[in-house]
Amino acid sequence: MSRRVVVTGMGAITPIGNNVDTFWENAKKGVVGIGPITKLDVTDYKVKLAGEVKDFEMPECVDKKAARRMEDFSKYAVAAAVEAIADSGLDISKEDPYRVGVSVGSGVGSLQNITRNYTRLKEKGPNRVEPLMIPGLISNIAAGNIAIQFGFKGKNINVVTACATGNHNIGEGFRSIQYGEADVMVCGGGENTICDIGLAGFMGLNALSTSEDPKRASMPFDVDRSGFVMAEGAGILVLEEYEHAKARGAKIYAEVAGYGATSDAYHVTAPIEDGSGAAKAMEFAMKDANVKPDEIDYINAHGTSTHMNDLFETRAIRLALGDAADKVKVNSTKSLVGHMLGAAGGVEAIACIKSICDNFIHVNAGLVNQDPECDLDVVKGEGISHEVNVVLSNSLGFGGHNASLVFRGI
């Protein structure tokens with residue numbers, strides 16, 4: 001018999017706040033964290049905007065020497081994990097460390113590290129490459145650093161599925177607890193690809209918005225949408241077996257009720273046009289949670305603000321929910337913070353859980369002229385007070401990876 005899994009802690013590093021409370025208060029106000037890129041000179045780049053993290057500082061509890069060896073994606077994940085663990089009240093000295101695991105990913109790892117060391121290699125030779133280059137750049141090192149920071153000795157994994165990374169890591173952490181491999185899993189993602197090669201690479205795909213208006217750059221479901229806005233940060237959840245959480249008197253935010261994962265098996269970047277792959281992931285998640293489509297109050301869409309994603313995700317939602325798709329509220333957290341790639345699912349899960357806690361759904365910022373083909377009940381203008389008990393969160397990644405999660409009030 002599978003075990004119930006609940007969320008007992010959350011941590012966030014985002015373009016609109018470096019902790020969960022600040023992130024959520026700004027999300028409720030519709031604050032947009034997108035602005036001119038400051039991390040590099042973009043004079044020769046068509047892309048001028050990104051969702052950058054501001055005023056970031058590593059937590060005092062993290063060893064300064066260890067922090068200096070971390071790339072930003074790993075720093076963000078560790079910092080968000082520090083907040084999430086503190087929020088959960090988990091005391092590792094009272095736990096079996098082999099029953100506490102980590103499932104945290106990054107879609108890319110550190111492009112900055114690769115660029116920096118490739119330049120050293122070409123200019124100064126192989127002996128001048130940093131000794132810790134490889135453990136700095138590999139995408140699993142965020143999960144490794146979290147385990148080292150806290151002494152978590154259980155299952156430690158890093159699912160890498162591009163923009164679906166965050167959701168898959170939460171889903172696989174959920175399964176690990178559900179089927180008895182762990183009692184606690186620290187889950188989510190961290191990312192930072194705002195650098196020369198990152199921008200140039202996504203520009204080559206014509207995937208990024210070239211808008212210079214922060215309020216009209218990431219605008220999911222708008223007829224004028226033209227691409228996503230690259231962003232950075234981390235979102236981390238502490239998942240815990242329900243009875244374990246109750247026994248230690250933990251506060252419980254919500255239940256992770258269902259998880260569905262599929263592949264489009266269609267194209268390396270484009271979603272399948274009828275939305276069938278994403279729809280099936282939603283169907284699997286709802287079946288896993290034992291909820292019907294008309295019980296879904298709100299969908300946090302993948303909503304990247306690209307023409308294909310928003311149109312095909314609309315079709316997917318209609319395919320999965322049928323007539324209930326007309327009644328469900330929809331938004332995209334990417335409208336506020338941009339697209340955090342491997343960290344997106346973690347931050348969006350926090351938005352879903354806070355929506356359940358506060359019965360509030362944040363605005364889909366930037367949406368002015370809704371695309372008639374994206375004919376969903378998308379929250380626009382301002383956020384709304386609305387009863388939220390069951391939420392569906394979607395993440396879709398290059399390669400055709402689809403991951404959907406169901407969160408439920410408890």
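Any value given below was found using the heavy atoms of this structure, including those in side chains, with hydrogens, waters and symmetry copies removed. Note that the structure is a prediction, hence the values are computed from the model and not measured.
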Undergrad: Do N331 and H362 have side chains that approach each other closer than 4.5 Å (heavy atoms only, starting at C-beta)?
TA: yes
Undergrad: With V184, which of V100, V5, I92 fulfils side chain to side chain contact (heavy atoms under 4.5 Å, CB included)?
TA: V100
Undergrad: Among side-chain atoms of E373 and H307, is any donor-acceptor pair under 3.5 angstrom?
TA: no
Undergrad: Please report the shortest heavy-atom distance between G303 and P220, naming the atom on each side.
TA: O-CG, 3.1 Å
Undergrad: Can E60 and K64 be counted as an ion pair, charged N to O under 4.0 angstrom?
TA: yes
Undergrad: Assess, by modelled atom type and distance only, whether the side chains of S209 and S211 contain a donor and an acceptor separated by less than 3.5 Å.
TA: no
Undergrad: Does a side-chain N-to-carboxylate-O contact under 4.0 Å join R175 and E172?
TA: no
Undergrad: Below 4.5 Å, heavy atoms only, C-beta onward: do M58 and R68 meet side chain to side chain?
TA: no
Undergrad: Quick one: salt bridge (Lys or Arg N to Asp or Glu O under 4.0 Å) partners of K246, sequence neighbours excluded?
TA: E243
Undergrad: Run the numbers on L321 and M286 for side chain to side chain contact (heavy atoms under 4.5 Å, CB included), then give the verdict.
TA: CA-CA 10 Å; L321 271 67; M286 289 187 288; 4.0 Å; yes
Undergrad: Roughly how far, to the nearest 0.5 Å, is the CG atom of D224 from the CE atom of M219?
TA: 5.5 Å
Undergrad: Taking it one step at a time, do D87 and V20 satisfy side chain to side chain contact (heavy atoms under 4.5 Å, CB included)?
TA: CA-CA 10 Å; D87 185 39; V20 169; over 6 Å; no
Undergrad: Can you say whether the rings of H168 and H401 are parallel (under 30°), tilted (30 to 60°) or perpendicular (over 60°)?
TA: perpendicular
Undergrad: Look at the side chain of R3 and the backbone N and O of Y242, then say whether any donor-acceptor pair between them is shorter than 3.5 Å.
TA: no
Undergrad: Where the side chain of N169 meets the backbone of C187, is there a donor-acceptor pair that is under 3.5 Å apart?
TA: no
Undergrad: Determine whether the side chains of S88 and E240 contain a donor N or O and an acceptor N or O closer than 3.5 Å.
TA: no
Undergrad: Identify the heavy atoms of S106 and T165 that sit nearest to each other, and give their distance.
TA: N-CG2, 3.8 Å
Undergrad: Any sub-3.5 Å donor-acceptor pair from E191's side-chain atoms to G107's backbone N or O?
TA: yes
Undergrad: Yes or no on side chain to side chain contact (heavy atoms under 4.5 Å, CB included) for V82 and F150, after CA distance, side-chain angles and deciding distance?
TA: CA-CA 9 Å; V82 167; F150 295 101; 3.8 Å; yes
Undergrad: Any salt bridge between D91 and R248, counting N to O under 4.0 Å?
TA: no
Undergrad: Between R318 (side chain) and G275 (backbone), is there a donor-acceptor pair under 3.5 Å?
TA: no
Undergrad: Do V6 and R4 come close enough that some side-chain heavy atom pair is under 4.5 Å?
TA: no
Undergrad: Is a donor from one side chain sitting under 3.5 angstrom from an acceptor on the other, for S176 and K155?
TA: yes
Undergrad: Does any non-hydrogen side-chain atom of E57 lie less than 4.5 Å from one of N18?
TA: no
Undergrad: When you measure from the side chain of D294 to the backbone N and O of A324, does any donor-acceptor pair fall under 3.5 Å?
TA: no
Undergrad: Are I85 and F152 packed together at the side-chain level, in the sense that at least one heavy-atom pair is separated by less than 4.5 angstrom?
TA: yes
Undergrad: Return yes if some donor-acceptor pair links the side-chain N/O of R408 with the main-chain N/O of A289 below 3.5 Å, else return no.
TA: yes
Undergrad: Could you tell me whether the side chain of Q178 reaches within less than 4.5 Å of the side chain of D288, counting heavy atoms only?
TA: yes
Undergrad: Roughly how far, to the nearest 0.5 Å, is the CG atom of L396 from the OG1 atom of T161?
TA: 10.5 Å
Undergrad: Closest heavy-atom contact between A320 and P293?
TA: O-CG, 4.0 Å
Undergrad: Is the number of heavy atoms from other residues, nucleotides or ligands under 6.0 Å of E25 CD greater than 12?
TA: yes
Undergrad: Consider only side-chain N and O atoms of D274 and S276, and report whether a donor and an acceptor are under 3.5 Å apart.
TA: yes
Undergrad: Check whether S335 reaches the backbone of A365 with its side chain - one donor and one acceptor, N or O, closer than 3.5 Å.
TA: yes
Undergrad: Should F228 and F202 be marked as a ring pair (Phe, Tyr, Trp, His ring centres under 6.0 Å) after you check the CA-CA gap, both sets of side-chain angles, and the distance that decides it?
TA: CA-CA 10 Å; F228 74 82; F202 281 109; 5.3 Å; yes
Undergrad: Could you tell me if the side chain of R225 sits less than 4.5 Å from the side chain of D371, heavy atoms only?
TA: yes
Undergrad: Taking the six-membered ring of F360 as reference, does the cationic atom of K28 (NZ for Lys, CZ for Arg) lie under 6.0 Å from its centre and within 45° of its axis?
TA: yes
Undergrad: Counting heavy atoms not belonging to N290, are there more than 12 under 6.0 Å from its CG?
TA: no
Undergrad: Taking atom CZ of F407 and atom CG of D297, what is their separation to the nearest 0.5 Å?
TA: 14.5 Å
Undergrad: Can you check whether G35's main-chain N or O pairs, donor with acceptor, with E52's side chain at less than 3.5 Å?
TA: no
Undergrad: Among T333, L405, I361, V347, which residue meets the side chain to side chain contact (heavy atoms under 4.5 Å, CB included) test with N300?
TA: T333
Undergrad: According to side-chain hydrogen bond (donor to acceptor under 3.5 Å, both in side chains), who are the partners of E241, at least two apart in sequence or on a separate chain?
TA: none
Undergrad: Considering non-hydrogen atoms only, spot the tightest contact between V32 and P214 and give its length.
TA: CG1-O, 3.7 Å
Undergrad: Write down the atom of F174, the atom of L239, and the distance for their closest heavy-atom approach.
TA: N-CD1, 3.7 Å
Undergrad: Considering all heavy atoms of both residues, which atom of V328 and which atom of I296 are nearest to each other, and what is their separation?
TA: CG2-O, 3.6 Å
Undergrad: Calculate, to the nearest 0.5 Å, the distance between atoms NZ and OH belonging to K354 and Y253 respectively.
TA: 6.0 Å
Undergrad: Donor-acceptor pairs are to be reported for all side-chain atoms of residues 380-394 against protein atoms at under 3.5 Å, with residues two or more places apart or in another chain.
TA:
| from | atom 1 | to | atom 2 | distance (Å) |
| --- | --- | --- | --- | --- |
| K380 | NZ | Q370 | OE1 | 2.8 |
| N394 | OD1 | S404 | OG | 2.8 |
| N394 | ND2 | E313 | OE2 | 3.3 |

Undergrad: Can we say K153 and D96 salt-bridge, meaning some charged N sits less than 4.0 Å from an Asp/Glu carboxylate O?
TA: no
Undergrad: Using the side chain to side chain contact (heavy atoms under 4.5 Å, CB included) rule, pick out the option among L49, V47, D196, L199 that qualifies with V42.
TA: L199
Undergrad: As an exercise, state the distance from CG of L132 to CZ of R69, rounded to the nearest 0.5 Å.
TA: 5.5 Å
Undergrad: So, the side chain of S355 versus the backbone of N359: is there a donor-acceptor pair under 3.5 Å, distance only?
TA: no
Undergrad: With a 6.0 Å cut-off (strictly less than), is the heavy-atom count around NZ of K327, excluding the residue itself, greater than 12?
TA: no
Undergrad: Within a radius of less than 6.0 Å around NZ of K287, do more than 12 heavy atoms belonging to other residues, nucleotides or ligands occur?
TA: no
Undergrad: If we ignore hydrogens and angles and just use 3.5 Å, is the side chain of D377 paired with the main-chain N or O of D326 as donor and acceptor?
TA: no
Undergrad: Looking at Y98, I want to see if its OH is surrounded by more than 12 non-hydrogen atoms of other residues, nucleotides or ligands under 6.0 Å.
TA: no
Undergrad: Can you tell me how far apart CD (E95) and OG (S93) are? Round to the nearest 0.5 Å.
TA: 8.5 Å
Undergrad: Contact between N158 and I138 at the side-chain level, heavy atoms closer than 4.5 Å - yes or no?
TA: no
